[in-house]
Amino acid sequence: MWYNGEDVTRRLAILTGNERKIKVPEPFRFTPNLAYLAGAANECLYRIREGRLRKALRLPDGSGGQAAGLLELRAEDESLLALRLWNAAGTEEVLPEQMDAAEAYVRDWFDLSRDLAPFYAMAERDSLLQRTIRPFYGLRLVGIPDLFEALSWGIIGQQINLAFAHTLKRRLVEACGEYLDIGGERHWLFPPAERVAELPAAALQELQMTGRKSEYLIGTARLIAEGRLSKELLAQAGSCAEAERMLTGIRGIGPWTANYVLMRCLRMPAAFPVGDVGLQNAVRQLAGMDRKPTQEELYRLAAGWTGWESYATFYLWRMLY
DNA sequence: CTCCAGGTTGCGT
DNA sequence: ACGCAACATGGA
């Protein structure tokens with residue numbers, strides 16, 4: 001019987017230097033996770049081809065600094081992930097600690113250390129959720145491990161449709177200009193907060209963001225660059241509600257964005273973006289309503305989701321997108 | 001043309 | 001406390 005953990009990884013490690021395998025315990029399937037990522041047309045931060053997922057990452061350089069690398073993830077079978085890494089020059093010389101960092105990123109990205117069995121047990125008995133878990137069996141809450149990226153994506157996505165949000169993100173990423181050219185393809189990195197912190201609001205407005213949104217992004221970038229906001233700081237919060245208060249105290253971050261980030265970056269299982277239009281539409285559809293549910297109705301339907309609100313939301317979203 | 005998009009702020013009752 | 005316009009753009 002396999003379980004996640006260091007010993008399993010070590011036992012299965014292939015000693016070719018830049019390759020490693022990760023056995024993921026049930027319930028997990030690579031396919032629905034890849035399908036989720038593939039569903040985002042116009043996504044600029046990863047590339048999927050022939051079942052292979054590639055993404056540029058920032059990694060430790062072995063002497064306290066950072067170096068970019070290219071990660072490739074594919075499934076040997078549905079629950080055995082094969083991870084490969086290339087350095088910025090596109091060759092296979094990578095440090096063991098870079099392999100460790102890449103593996104940690106993958107474990108975080110796909111929430112691999114979560115035991116999903118209790119969620120499925122709960123969902124089986126829930127009139128709405130029971131119809132979401134079979135079509136997406138093995139889907140994890142795909143995360144956004146970098147806090148600044150998660151906050152930016154939340155802020156960018158406020159109020160606009162997802163297609164346009166992707167366009168704006170791409171413009172921001174390309175305007176900041178950090179990428180890896182490997183194998184004839186360009187792999188973009190999300191800009192660090194320090195880079196966005198020094199931009200004038202006008203630079204973001206040129207990308208067709210609202211003036212407000214530009215200020216929100218830059219203000220948030222500054223907080224992170226100054227070390228006044230971090231993943232560690234949010235993780236230290238005593239509860240999801242307290243972390244939410246820390247975030248909503250920031251201009252431009254309301255309850256939706258706060259919960260979205262706590263869900264996709266901090267991985268707080270009880271994070272719940274109730275105000276989300278997509279969630280409301282999914283519930284409307286599944287419950288056969290002729291209008292979107294009110295917040296009160298949503299809370300009532302979600303009464304049994306306690307501790308799994310984030311997963312419930314993610315699975316409900318999948319019914320729409 | 002109108003309405004709605006993975007909302008939030010700031011001002012007016 | 002609560003309602004509501006403004007915000008930039010694109011797709012239905």
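From a predicted model like this one, the values you see are computed outputs, not experimental measurements. Within every chain, numbering begins at 1; the chains are lettered A, B, ... in the order of the sequence lines, protein sequences first and strands thereafter.
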The nucleotide from B/dG7, C/dC7, C/dG10 with an atom nearest the side chain of A/V277 is B/dG7
Between CG of A/N161 and P of C/dC7 the distance, given in whole Å, is 19 Å
Atom CZ of A/R284 and atom C1' of B/dA5 are separated, to the nearest Å, by 14 Å
Whether each nucleotide of nucleotides 8-13 of chain B has a protein heavy atom under 4.0 Å at its base (B), only at its sugar-phosphate (S) or at neither (-) is summarised, 5' to 3', as SBS---
Exercise. Have a look at A/N281 and say if it touches a base, only the backbone sugar-phosphate, or nothing, with a 4.0 Å heavy-atom cut-off.
Key: sugar-phosphate
*Nearest-Å distance once atom P is located in both B/dT8 and C/dG10*: 23 Å
A/I155 CD1 to C/dA8 P, in whole Å, measures 15 Å
When rounded to whole Å, the CZ to P distance for the pair A/R291 and B/dC4 reads 15 Å
Salt bridge (charged side-chain N to carboxylate O under 4.0 Å, His left out) pairs touching residues 196-214 of chain A, sequence neighbours excluded, are A/R195-A/E198
Atom NZ of A/K292 and atom C1' of B/dG7 are separated, to the nearest Å, by 12 Å
Would you call A/R29 and A/D77 a salt bridge, using N to O less than 4.0 angstrom? no
note: A/L279, atom CG; B/dG7, atom P; distance rounded to Å ~ 11 Å
Looking at A/F110, I'd like to know if the NZ or CZ of A/R140 sits under 6.0 Å from its six-membered ring centre while staying within 45 degrees of the ring's axis.
no
- prompt: Using atom P of each nucleotide, how far apart are C/dC2 and B/dA5 to the nearest Å?
  reply: 23 Å
Under a side-chain separation threshold of 4.5 Å, the hydrophobic residues clustered together with A/I182 are A/L70, A/W86, A/L180
Separation of B/dA5 atom C1' from A/L168 atom CG, nearest Å, is 12 Å
From CZ of A/F164 across to P of C/dG11 the rounded distance in Å is 10 Å
Note: with side-chain heavy atoms under 4.5 Å as the link, the other cluster members for A/L189 come out as none
Hits for salt bridge (Lys or Arg N to Asp or Glu O under 4.0 Å) against A/R284, two or more places apart or cross-chain, chain-then-number order -> none
5'-most contact on DNA chain C (nearest-nucleotide basis), A/Q159 vs A/A163, goes to A/Q159
Residues pairing under salt bridge (charged side-chain N to carboxylate O under 4.0 Å, His left out) where one sits in residues 262-271 of chain A, two or more places apart or in two chains, turn out to be A/D108-A/R267, A/D111-A/R267
